[in-house]
Number of protein chains: 2
Amino acid sequence: MLSKKTKYAIKALVVLGKNADKPPMQISKIAEEERIPKKFLEQILLDLRNAGFLYSKKGAGGGYSLNKDPKDIYLVSIMRITDGPIAMVPCASLNFYHKCDECKQETSCGIRDVFIDVRDATLKILSETSIADVIARENTLIKV
Amino acid sequence: MLSKKTKYAIKALVVLGKNADKPPMQISKIAEEERIPKKFLEQILLDLRNAGFLYSKKGAGGGYSLNKDPKDIYLVSIMRITDGPIAMVPCASLNFYHKCDECKQETSCGIRDVFIDVRDATLKILSETSIADVIARENTLIKV
DNA sequence: ACAATATACTACTAATTCAATAGACTAACT
DNA sequence: AGTTAGTCTATTGAATTAGTAGTATATTGT
């Protein structure tokens, strides 16, 4: 399951993506619009900022805005910041690899082999889908 | 992430699949071979038994054996018993659907739309891969 | 300068889930 | 009867996740 943290992160980035040409948006406004606990969102946006996805400005008239083109923010990057690994087993993770405690010989593990395939299939989608794509999908869904 | 419960379940089924033509295998033996805490494995095997995948026999000479052909036990079925949903968001789940608390209009949610694709990609692999396939993969990996 | 606004940062708490353990019970075989 | 092995329910402990609190810092407008 996706953590709420990740879901909130994507929602916030989508909102900020739609807001791209306007002045920065405040945490409280994003929180209200997306029904996200404000203080929790605050932490999430901070993580995204520290990872270089967001620009922030303090003080009156401040807030958050995207620091990149929505086309260049892929879901996989967000998920790795907020949730960590994409793979369902640690031994199949590219960026967060570690050995399974109980595993005897990883190289010949059939489970790992299958879940490497699952990881690749998931990764293909998540590394091809950007915030701009999510927004585009929403627009399509609304029209239909 | 896959729960340890699911990982242990698959490991146990693989062992039992390899043991298919022999007398039933005891929990303690499976636990030892696969380095799984015995009492925990006990519960897992019980779940799999209650779901119809295993046959069990009490008393001396008893133990567990598969109740189905390893070809007919798909990873997706096991995961749904031990972990529940396959999808990464509840609103994209086929068998364990429920609405996201904070979601306003699900039908036009871009996140859901993407994660339905992820679910389908995952599902394709997991519903095509059986215990027999996992065993076959292991054999191939050992040979190479 | 000062008040108001808004993010930055750290620490903490609550709730939930996951992993594991314990123990008493039932069935089967010798 | 005694031993072996699964059945079943409850409980505990650990880890993770979700959310809250409070203080510090930066920016703007008057």
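Letters A, B, ... are given to chains in the order of the sequence lines, protein chains preceding strands, and every chain is numbered from 1. Because the structure is predicted, anything quoted here is derived from the model rather than measured.
Regarding B:Leu16, its CG atom lies at a distance of 11 Å from the P atom of D:dG6, rounded to whole Å. If you measure from atom CE of B:Met1 to atom C1' of C:dT17, you get 16 Å, rounded to the nearest angstrom. Going from atom NZ of A:Lys39 over to atom C1' of C:dA6 covers 11 Å, rounded to whole Å. Atom pair B:Asp83:CG and C:dA19:C1' shows a separation of 13 Å (rounding to whole Å applied). Rounded to an integer number of Å, the gap from A:Ile44 CD1 to D:dT17 P is 13 Å. Across the protein-nucleic acid pair, A:Leu46 atom CG and C:dA6 atom P stand 17 Å apart, rounded to whole Å. When rounded to the nearest whole Å, the span between NZ of B:Lys38 and C1' of D:dT4 equals 10 Å. What separates NZ of A:Lys4 from P of C:dT17 is a distance of 10 Å, to the nearest Å.
A:Ser28 has no side-chain polar atom (N or O) that falls below the 4.0 Å cut-off from OP1 or OP2 of C:dA6. Side-chain N/O atoms of A:Tyr8 include one lying less than 4.0 angstrom from OP1 or OP2 on D:dG19. In this model, the phosphate group of C:dA8 is approached by a side-chain N or O of A:Arg49 to a distance below 4.0 Å at OP1 or OP2. Between A:Lys57 and D:dT28 there is a side-chain N or O to OP1 or OP2 distance below 4.0 Å. In terms of phosphate contacts, A:Ser56 brings a side-chain nitrogen or oxygen within less than 4.0 Å of OP1 or OP2 of C:dA8.
Sequence order on DNA chain D of the closest nucleotides to A:Thr6 and A:Lys58 puts A:Thr6 first from the 5' end. Nearest-nucleotide positions on DNA chain C place A:Gln26 closer to the 5' end than the other of B:Lys5 and A:Gln26. Residue order along DNA chain C, read from the 5' end via each residue's closest nucleotide, puts A:Gly62 first among A:Gly62 and A:Asn50.
Distance from the side chain of A:Phe40 is smallest for D:dG19 among the nucleotides D:dG19, C:dT21, D:dA26. In this structure, the nucleotide among D:dT4, C:dT7, D:dG6 sitting nearest to the side chain of A:Ile27 is C:dT7.
Within the 4.0 angstrom heavy-atom criterion, no nucleotide atom of any strand lies near A:Leu45. Note on B:Tyr55: nothing from the nucleic acid sits closer than 4.0 angstrom, heavy atoms only.
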Step-by-step side chain to side chain contact (heavy atoms under 4.5 Å, CB included) determination, A:Leu48 to A:Tyr64: CA-CA 10 Å; A:Leu48 294 172; A:Tyr64 276 100; over 6 Å; no
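Placement of B:Leu45 and B:Phe40 within a single hydrophobic cluster is found when ILVMFWY residues are connected by side-chain heavy-atom separations under 4.5 Å, directly or transitively.
The two residues A:Cys91 and A:Arg112 have their closest heavy-atom pair at O-NE, 2.8 Å.
For A:Glu33 and A:Lys18, the salt-bridge test fails: no basic side-chain N is under 4.0 Å from an acidic carboxylate O. Using a 4.0 Å cut-off between charged nitrogen and carboxylate oxygen, A:Lys29 and A:Glu32 do not count as a salt-bridge pair.
Side-chain atoms of A:Glu42 and base atoms of D:dT20 include no donor and acceptor less than 3.5 Å apart. The base of D:dT7 does not come close enough to the side chain of B:Gln43 for any donor and acceptor atom to sit less than 3.5 Å apart.
Checking side-chain atoms of A:Asp133 against main-chain N and O of A:Ser130 turns up a donor-acceptor pair under 3.5 Å.
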